[in-house]
There are 4 protein chains.
Amino acid sequence: MSPRTRLEAAAKEDRQHELVLAAFNQIAARGFEGLRTREVAAEVGLNIATLHYYFPTKEALIRGVVDEAMRRFRSTLEPHGSPADQLRTHLRAVRQLLRTDPKLRAVMGELALRSARDQAIAGILRGTNDAWYKTLRGLLRRAAKAGHLRPDLDTDDVAALIVAALTSMMLPTVSKADRIDQTFRQLERMLGVSGRTGPP
Amino acid sequence: MSPRTRLEAAAKEDRQHELVLAAFNQIAARGFEGLRTREVAAEVGLNIATLHYYFPTKEALIRGVVDEAMRRFRSTLEPHGSPADQLRTHLRAVRQLLRTDPKLRAVMGELALRSARDQAIAGILRGTNDAWYKTLRGLLRRAAKAGHLRPDLDTDDVAALIVAALTSMMLPTVSKADRIDQTFRQLERMLGVSGRTGPP
Amino acid sequence: MSPRTRLEAAAKEDRQHELVLAAFNQIAARGFEGLRTREVAAEVGLNIATLHYYFPTKEALIRGVVDEAMRRFRSTLEPHGSPADQLRTHLRAVRQLLRTDPKLRAVMGELALRSARDQAIAGILRGTNDAWYKTLRGLLRRAAKAGHLRPDLDTDDVAALIVAALTSMMLPTVSKADRIDQTFRQLERMLGVSGRTGPP
Amino acid sequence: MSPRTRLEAAAKEDRQHELVLAAFNQIAARGFEGLRTREVAAEVGLNIATLHYYFPTKEALIRGVVDEAMRRFRSTLEPHGSPADQLRTHLRAVRQLLRTDPKLRAVMGELALRSARDQAIAGILRGTNDAWYKTLRGLLRRAAKAGHLRPDLDTDDVAALIVAALTSMMLPTVSKADRIDQTFRQLERMLGVSGRTGPP
DNA sequence: AATGAATGAGAGTTCATTCAT
DNA sequence: AATGAATGAACTCTCATTCAT
């Protein structure tokens, strides 16, 4: 039977989300390699059997984690601010994300690796990645048209470079703070958006 | 007991290397998540117990794989050719590596992720990464001094950007051929090394 | 609390019977091995917890199934028709039962096997079996006295043989249609009741 | 690698057989419903993991039990003695089997029931059953030709009846000693093989 | 009378590791 | 050097049962 009230449905979804968050944390901390359903259930204070009440299989739980990660990541990608600022704002948003949500960074890295062996994840990640690339490309083209960009830049290739550079930051090794700073600085310099925070 | 002759020692090392290569392949194909010592032994035609004769633990075998990966990767990083060409040659070498040795790419990705949970790997990878960064920075500084670089480029930041961009290619998801091509093209354009293959 | 009105009591019994029938079907389809209380409840459109309201334990539900099976089976055994015909009629009734109610056949087989481990079922089944044997023996003795039987037959032993032969048909393997036909034919021939359908 | 000596191969087969026998006993005692691999391993004094070294799955172990049961049962069916005696000898052999090997009886019953849900078992059991029927039919036809049988008996139908009657004895419920005796007596009487133990 | 949520106990299976030979 | 056999610990998943509502 379906839940009788919207409240009950929400309660169920809440529990599911709790479990997804716990799994999310576990993956961030120990990777897919170390993801244990019992640990996830325990983190929420539930019995392992109860976890299976909400998610029939471990795989289903992982799908939930994928959705959660995508949700968070995509929200970062959406352009914000006035068109002229969007490019710089975008870079800052990603930089901010890396600082604020290191778990998301770790999970995104895990997903990227897993996509080699999981077609479902591969599809989803490819979609997100393409969306990201196209968003950036759009911003760059508009900026170029408005004359805010150095005329010798190939907008599409620059978009690819930016996506590549930022993607590498999902990997823990490279994420040394100063190296990240350097990379961002160089990207901003390349785009000519470094200093200004808005129109004078 | 230690091997009595140099020949025997060499034979032992050969077997060990065989096992390391098999493990390397397994990790490339199935990730750490799917690495099974039994599979590794079977790939070499050995019993699982014999594997433990050569490597006391799974972890020891993994250390062997790490060494192998580093060896291969570092050899790519070494500067080749005349100083003027080294920058372009380096980019080409990495590009070539991605094409020629996709397994190394996959293993490097796995190692990068694992470094979050394995301090030993983290240390090794950080070392390699720093070496890479410093190599590139050196090349860039020399090129700048020789006037082969656009004067407005900050050599150190560019080095960081290049390392970041190339590192992202260890992740399977992003590795769409045309996106990779775009990224390389943009890097070469940025460095002004795109067309020329040598001094006029 | 006990149900306050006869109507309520009847309603409760109806629900219980529904559940018993569902369990009966499940056992027929998947055996005791595959009997799942959740499936039973679902088949009636009830929650698993509600099933436990009507039957405190799985075992109690099974008792209900045993009763149901016995009720159906015993009703087949009751003599019908004129005394002269009863013997032939009895065989025909069993044959008919095997055709009409294959689920009962399957459940009887399951119960027979389970009786080895379940004294309660063993007792009930022994009772039914004895009743069957005695019914048949009575019919045979009366037929013998009336001269309707070949004088060289030992009525009691024949009764045992008939019960044995018919019992085997509860097992699915042996139940090849033509082998069943042969067996019935031979039994009727042995009793000399094959052709006639009644007195001339 | 394959075992190096015939002795080692035999040792492995011995262990496997030990496990099959333990499983056989468990099924006889608790039915398929109560078959637990851990119990089987314990009965042989092995760890559960070791059981899986010899049999990859529970199902594989069960196949072993099926083979064992068939081997035992078929050896009973083979005709023994001089042609004239074979019919009586066969009945006695089955009777003997029921007394000597009550576990086999129980396992055969379990297999018969399981065949409804397991096509592999169904096929095997059907084969054994047909072989049994044909063996008996052959004996009866030869006995009829030799004039050792009452001329009014239909050999084929009698064969079907005998198989049915004896099959029922695999079910525990019906197996009351005196009822079994009666059935055998009646079968022998019907065949005219009751008294004599051989040619005068 | 009915249910969603929760659980303890246990199932089959997997895997790195050990040890006698 | 090499192996067959063995194991402890752990894994995911299942199921009858309970309880507050």
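Throughout, protein chains are lettered first and strands after them, A, B, ... in sequence-line order, and every chain is numbered starting at 1.
For D/R38 against E/dG12, a side-chain N or O and a base N or O form a donor-acceptor pair under 3.5 Å.
OP1 or OP2 of E/dT3 has at least one side-chain nitrogen or oxygen of C/T50 nearer than 4.0 Å. For the pair B/T37 and E/dA16, the criterion of a side-chain N or O lying under 4.0 Å from OP1 or OP2 is met. Remark: B/N47 is not in phosphate contact with F/dA2, judged by side-chain N or O atoms under 4.0 Å from OP1 or OP2. Taking only side-chain nitrogens and oxygens, B/R15 comes nearer than 4.0 Å to OP1 or OP2 of F/dA2.
Between D/R114 and D/E110 there is no salt bridge, since no side-chain nitrogen of the basic residue lies less than 4.0 Å from a carboxylate oxygen of the acidic one. Between B/E59 and B/R63 there is a salt bridge, since at least one side-chain N of the basic residue sits less than 4.0 Å from a carboxylate O of the acidic one.
Evaluated for a side-chain contact (heavy atoms from CB on, under 4.5 Å) with C/M108, the options C/R72, C/K103, C/M70 yield exactly one hit, C/M70.
Distance, C/L46 CG to E/dG4 P: 11 Å, rounded to whole Å. Atoms CD (D/E59) and P (E/dG12) sit 11 Å apart, rounded to a whole Å. What separates OH of A/Y53 from P of E/dG4 is a distance of 6 Å, to the nearest Å. Look at CZ on B/F55: it is 20 Å from P on E/dC15, rounded to the nearest Å. A straight line from OH of B/Y54 to P of F/dA2 spans 4 Å, rounded to a whole angstrom. Note: CD (C/E39) to P (F/dC15) measures 9 Å, nearest angstrom. Rounded to a whole Å, the CD atom of B/E13 is 12 Å from the P atom of F/dA1. Note: CD (C/E33) to C1' (E/dG12) measures 14 Å, nearest angstrom.
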Pair B/I62-B/F55, side-chain contact (heavy atoms from CB on, under 4.5 Å): steps then yes or no:
CA-CA 9 Å; B/I62 291 177; B/F55 294 94; over 6 Å; no
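When side chains are defined from C-beta on, C/R36 does not count as touching C/Q26, because their heavy atoms never get closer than 4.5 Å.
The cationic group of D/R117 does not satisfy the cation-pi geometry with D/F32, failing either the under 6.0 Å distance to the six-membered ring centre or the 45° limit from the ring axis. Judged by a 6.0 Å distance limit and a 45° cone about the ring axis, D/R15 is not positioned over the six-membered ring of D/Y53.
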Between the protein and nucleotides 19-21 of chain E, list the N/O to N/O atom pairs that are separated by less than 3.5 angstrom.
none

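Two residues, A/K58 and C/P56, neighbour DNA chain F, and the one matched to the more 5' nucleotide by heavy-atom proximity is A/K58.
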